[in-house]
Amino acid sequence: MEIKIKDAAKDYLANKISPDDVVLLALDDGSNKFSNLGGSCTIGSKFQFVVTDQLDPEFDEPLENNLNLKLYTGQPELVYLTDGLNIDYKMGFLVLSDNSGIIDGAVSVTKYEAPEKTDAELKEEMQTLGNQIC
């Protein structure tokens with residue numbers, strides 16, 4: 001799969017991603033270890049770029065891109081991504097879209113740091129956030 005990074009998004013991402021970083025295009029709906037959101041209203045409509053220093057076996061699908069970033073996504077994410085995939089920067093937000101239209105109008109960029117919380121604490125936090133946003 002391929003994603004085109006438009007010029008405005010290139011400029012924005014240049015300050016957040018270095019050439020050595022591994023970047024993951026991940027759902028931000030509570031379905032993976034990089035997301036602390038949860039709730040049925042976010043399924044398939046909320047994405048994030050996760051910046052890390054190593055590959056993750058759950059995100060092993062390369063995304064060819066015009067910036068030559070080490071960019072990957074996972075099998076669950078592919079369900080929501082189709083032809084014409086691109087990322088742009090408009091009105092202060094990263095916008096992920098494809099030939100069908102806008103997928104997410106506010107993609108976040110986060111630097112991954114291993115959590116210092118227990119699994120139970122993370123689950124409670126995710127449920128609390130999910131109840132607030134849905």
Side-chain angles (χ1 to χ4, degrees):
M1 177 162 272
E2 183 176 355
I3 184 170
K4 180 181 180 188
I5 302 170
K6 296 190 175 182
D7 289 338
K10 286 180 194 177
D11 294 339
Y12 178 80
L13 292 172
N15 296 320
K16 302 205 176 276
I17 301 171
S18 73
D20 293 330
D21 288 331
V22 173
V23 183
L24 310 175
L25 179 58
L27 285 163
D28 195 8
D29 60 4
S31 64
N32 62 68
K33 67 183 173 190
F34 300 112
S35 176
N36 61 359
L37 295 179
S40 60
C41 66
T42 60
I43 295 173
S45 66
K46 186 75 185 106
F47 281 81
Q48 62 182 326
F49 283 118
V50 179
V51 180
T52 184
D53 59 357
Q54 58 188 354
L55 295 172
D56 186 290
E58 293 179 24
F59 292 84
D60 59 355
E61 297 292 329
L63 286 174
E64 294 180 31
N65 62 88
N66 53 316
L67 284 185
N68 295 318
L69 296 174
K70 298 172 195 165
L71 182 56
Y72 299 86
T73 195
Q75 281 292 323
E77 285 76 6
L78 289 175
V79 171
Y80 305 102
L81 307 174
T82 63
D83 293 335
L85 192 62
N86 69 80
I87 190 83
D88 203 355
Y89 186 73
K90 295 180 181 182
M91 300 180 65
F93 296 98
L94 284 173
V95 179
L96 179 67
S97 59
D98 62 16
N99 289 343
S100 68
I102 293 174
I103 299 168
D104 184 351
V107 176
S108 61
V109 180
T110 56
K111 180 82 173 169
Y112 177 71
E113 295 179 18
E116 296 178 7
K117 299 175 183 175
T118 66
D119 286 347
E121 289 171 324
L122 289 171
K123 182 178 179 180
E124 182 178 334
E125 181 179 289
M126 184 172 48
Q127 288 173 331
T128 300
L129 285 171
N131 288 337
Q132 292 172 353
I133 61 172
C134 290

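- Side-chain atoms of Asp88 never come within 3.5 Å of backbone atoms of Lys6 as a donor-acceptor pair (strictly under, hydrogens ignored).
- Around atom CG of Leu78, more than 12 heavy atoms belonging to other residues, nucleotides or ligands sit under 6.0 Å away.
- Contact annotation: the side chain of Val22 never approaches that of Asp56 to less than 4.5 Å [non-hydrogen atoms, C-beta and beyond].
- Minimum interatomic distance between Ala106 and Asp104 (heavy atoms only, all atoms of both residues): N-OD1, 2.8 Å.
- Using a 4.5 Å heavy-atom threshold, the side chains of Leu81 and Leu96 count as touching.
- Taking hydrophobic clusters as Ile, Leu, Val, Met, Phe, Trp and Tyr residues chained together by side-chain heavy-atom distances below 4.5 Å, Tyr112 shares a cluster with Leu55.
- Taking the salt bridge (Lys or Arg N to Asp or Glu O under 4.0 Å) definition, one finds that Asp20 meets it with nothing, sequence neighbours left out.
- Lys111 and Asp21 are joined by a salt bridge, as a carboxylate oxygen and a charged side-chain nitrogen come within less than 4.0 angstrom of each other.
- There is no path of hydrophobic side-chain contacts, each under 4.5 Å, that joins Met91 to Ile5.
- Under a cut-off of 6.0 angstrom, the local environment of NZ in Lys4 is sparse, with at most 12 non-hydrogen atoms contributed by other residues, nucleotides or ligands.
- Heavy-atom minimum distance, Glu61 versus Gly74: CG-C, 4.3 Å.
- Leu13 is listed as a side-chain neighbour of Leu94, based on a closest heavy-atom distance under 4.5 Å.
- Here the side chains of Ile87 and Asn65 are not in contact, with every heavy-atom distance at 4.5 Å or above.
- Formation of a donor-acceptor pair under 3.5 Å by the Thr73 side chain with backbone atoms of Leu25 is found in this model.
- By the criterion of side-chain heavy atoms lying less than 4.5 angstrom apart, applied directly or through intervening Ile, Leu, Val, Met, Phe, Trp or Tyr residues, Tyr12 is grouped together with Leu63 in one hydrophobic cluster.
- Looking only at side-chain heavy atoms (C-beta outward), Ile103 and Thr82 stay at 4.5 Å or farther from each other.
- Taking hydrophobic clusters as Ile, Leu, Val, Met, Phe, Trp and Tyr residues chained together by side-chain heavy-atom distances below 4.5 Å, Val79 does not share a cluster with Ile102.
- By the 30° and 60° cut-offs, the orientation of the rings of Phe47 relative to Tyr80 is perpendicular.
- Residues Leu24 and Glu77 form no side-chain contact, since every pair of their non-hydrogen atoms from C-beta on lies 4.5 Å or further apart.
- Using a 4.5 Å cut-off on side-chain heavy atoms (C-beta onward), Asn86 and Val95 make no contact.
- Of all the heavy atoms in Ala26 and Phe59, the pair that sits closest is CB-CE2, 3.6 Å.
- Annotation for Leu85 and Met1: closest pair CD2-SD, 4.0 Å, computed over non-hydrogen atoms.
- Considering CD of Glu64 and CD1 of Ile3, their distance stands at 12.0 Å, rounded to 0.5 Å.
- Contact check for Val51 versus Lys16: no side-chain heavy atoms found under the 4.5 Å cut-off.
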